[in-house]
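Here's a structure for you.
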Number of protein chains: 2
Amino acid sequence: MAQPKRQRTSRHEIYVTLRQMVLTLQLPPGAALSENELAASMGVSRTPVRESLILLAQEGLVQVFPQIGSFVSRVDPAQVSDAQFLREAVELAALDDLPPDLDAAVLKDLRDNLERQQREGLGIEEFFELDEAFHQGLMRLSGHANAWTTVAAAKGHLDRARRLGLYENASPAVFADQHREIFDAVVGGDVSLARTAMRTHLRAVFSDIERIRAHSPELFATDPSAVPVRRNVVVWE
Amino acid sequence: MAQPKRQRTSRHEIYVTLRQMVLTLQLPPGAALSENELAASMGVSRTPVRESLILLAQEGLVQVFPQIGSFVSRVDPAQVSDAQFLREAVELAALDDLPPDLDAAVLKDLRDNLERQQREGLGIEEFFELDEAFHQGLMRLSGHANAWTTVAAAKGHLDRARRLGLYENASPAVFADQHREIFDAVVGGDVSLARTAMRTHLRAVFSDIERIRAHSPELFATDPSAVPVRRNVVVWE
DNA sequence: CGGCCAGGGCTTGTATACAAGCACCTGTCG
DNA sequence: CGACAGGTGCTTGTATACAAGCCCTGGCCG
């Protein structure tokens, strides 16, 4: 954001890596994260690892219990719901702020993005990348690209729940169609239709969370203040 | 947020203190923050101070330039605008989610809050506290209290700009009346009126920012990536 | 007199050492 | 056999030492 671009410190590298591993469920919710282990396996000292964990803890992706351990936080349905509300509020408000003349370059990116979404054999992670870029592109159209970064930072729990949903039934095609629908409404200047399509789209995954929770309850938190059981997980290959 | 409540580590204490000093402009934008100095004056080592600065940097309240120094970030008009958009989107969306039966306890808190806002001789910081509690209370009414914490974390730049505005003309009475107006509309069940009043209220301070910027340009950032000039500031009494 | 260069003092980044405390495991005793 | 107590190994929190680099300043040289 306002950070200087020279972020090639090892802390930043570790932070980005760990964050990605948590969001992609490569580090599953509940996994134990030992500062010493991580430092050893990554060939650095505890300091940058520890500082990364503190940042992740502030984002709610990691929980640190002094003298007990650090753990990948379980998906908290309450936080998923909060992020859903936040995201919906922001994205719908952005649609209301669309200017009369849409940025042609952004529109082209969005069109390319949509085209790629409908390709066959699209991997889940690839789809997620495109999905994220699509929604960010819509925010750019209304000049609120920066506000999106705040939303993106807050929706870690939501994204993990979404991934769980996709890994369960793996049908990104439906979402791709919904994206197309939103995009067409935006280009057509029909804000009301765009809002309706966006709301429908954003709530599609959200409605599935309870089903996923019944299927994999161990990934979800029951009491967020409870101390997890230590359970080692192989990290960093 | 989802952190365990046992937060009596010195890091947390320092973090809260520094954050408050930045938000209240007690640490003015552009001030130099030396890890060594802070640690010495607070009687601890660099470690907890440094970790606090890293957290504040992630919030955008502090900028850390490796091998150069750490500085209280100048108020970034772009970030102020982003926070304004985010806040407006969320608070208006919350009004749409108000349940038919409003929580009586929260309503009582809000009434007490409004009554206190209209007392004579109210200090600026006291008003800010009440203002923050009032808006949080409205979010609680719609069951989105937790989403408010995310907004609160993102609106550091906005709050500093608001404080600048209040210290300039010091007229919280107008805002207190607007709060009352919003509250009455909410209690009366007129969501449309509540939305209008809320929008008017939220944009009141925002429109003043340019005036403040002309008055105190040194507190605002021109190029957010520029390295500030070192300028020592007495800290911690 | 002006420009260049080296050195010292500061900065943050990283590594390491020590402190405090929880949890489990084991040996002992009832 | 069961329960309890103590040790041991782990955890994170804090303190300190070292590394790398920027900036300014003072001295030297053209």
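In what follows, chains are A, B, ... by sequence order, proteins preceding strands, each numbered from 1. Computed from a predicted structure; not experimentally measured.
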To the nearest angstrom, the CG-P distance between B:L38 and C:dC10 comes to 16 Å
Which whole-number value in Å describes the distance from A:F65 CZ to D:dT11 C1'?
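In whole Å, D:dT11 C1' and A:F65 CZ are 13 Å from each other.
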Can you tell me if the side-chain N/O atoms of B:N36 get under 4.0 Å from OP1 or OP2 in C:dC10?
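No.
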In a check of side-chain contact (heavy atoms from CB on, under 4.5 Å) between B:E88 and each of B:V90, B:L86, B:L92, which one passes?
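Testing each of B:V90, B:L86, B:L92 against B:E88, the sole residue satisfying side-chain contact (heavy atoms from CB on, under 4.5 Å) is B:L92.
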Interatomic spacing from CG in B:L27 to CD in B:Q20 - rounded to 0.5 Å:
11.0 Å
Between D:dG13 atom C1' and A:E51 atom CD, what is the distance in whole Å?
13 Å
Tabulate protein N/O versus nucleotide N/O from nucleotides 15-24 of chain C, keeping only pairs under 3.5 Å, one per line.
residue : atom : partner : partner atom : Å
C:dA15  : OP2  : A:S45   : N            : 2.7
C:dA15  : OP2  : A:S45   : OG           : 2.8
C:dA15  : O5'  : A:S45   : OG           : 3.4
C:dA15  : N7   : A:T47   : OG1          : 2.7

Between P of D:dG13 and OH of B:Y15, the distance in whole Å:
16 Å
Could you check how far CD of B:E37 sits from P of C:dC10, rounded to whole Å?
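To the nearest whole Å, that distance equals 10 Å.
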Side-chain heavy atoms of B:L33 within contact of B:L56, under 4.5 Å:
no
I need the CG-P distance between A:L53 and D:dT12, as an integer number of Å.
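One finds 8 Å between P of D:dT12 and CG of A:L53, rounded.
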Would you mind classifying the nucleic acid contact of B:R50 as base, sugar-phosphate or nothing, using non-hydrogen atoms under 4.0 angstrom?
base
Where does the angle between the aromatic ring planes of B:H135 and B:H179 fall among parallel (under 30°), tilted (30 to 60°) and perpendicular (over 60°)?
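B:H135 and B:H179: perpendicular rings.
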Listed partners of A:E132 passing salt bridge (charged side-chain N to carboxylate O under 4.0 Å, His left out), at least two apart:
A:K155
Inter- and intrachain pairs under ring pair (Phe, Tyr, Trp, His ring centres under 6.0 Å), touching residues 137-165 of chain B, at least two apart:
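Listed by first then second residue: A:F85-B:H144.
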Should we say atom CD of B:E125 is surrounded by more than 12 heavy atoms from elsewhere, each under 6.0 Å from it?
yes
Could you tell me the separation between the CD1 atom of B:I54 and the P atom of D:dG13, rounded to a whole number of Å?
13 Å
N/O (side chain, B:S70) to phosphate O (OP1/OP2, C:dT12) under 4.0 Å:
yes
Between P on C:dT12 and CG on B:L33, what's the gap in Å once rounded to a whole number?
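Rounded to whole Å, this separation is 9 Å.
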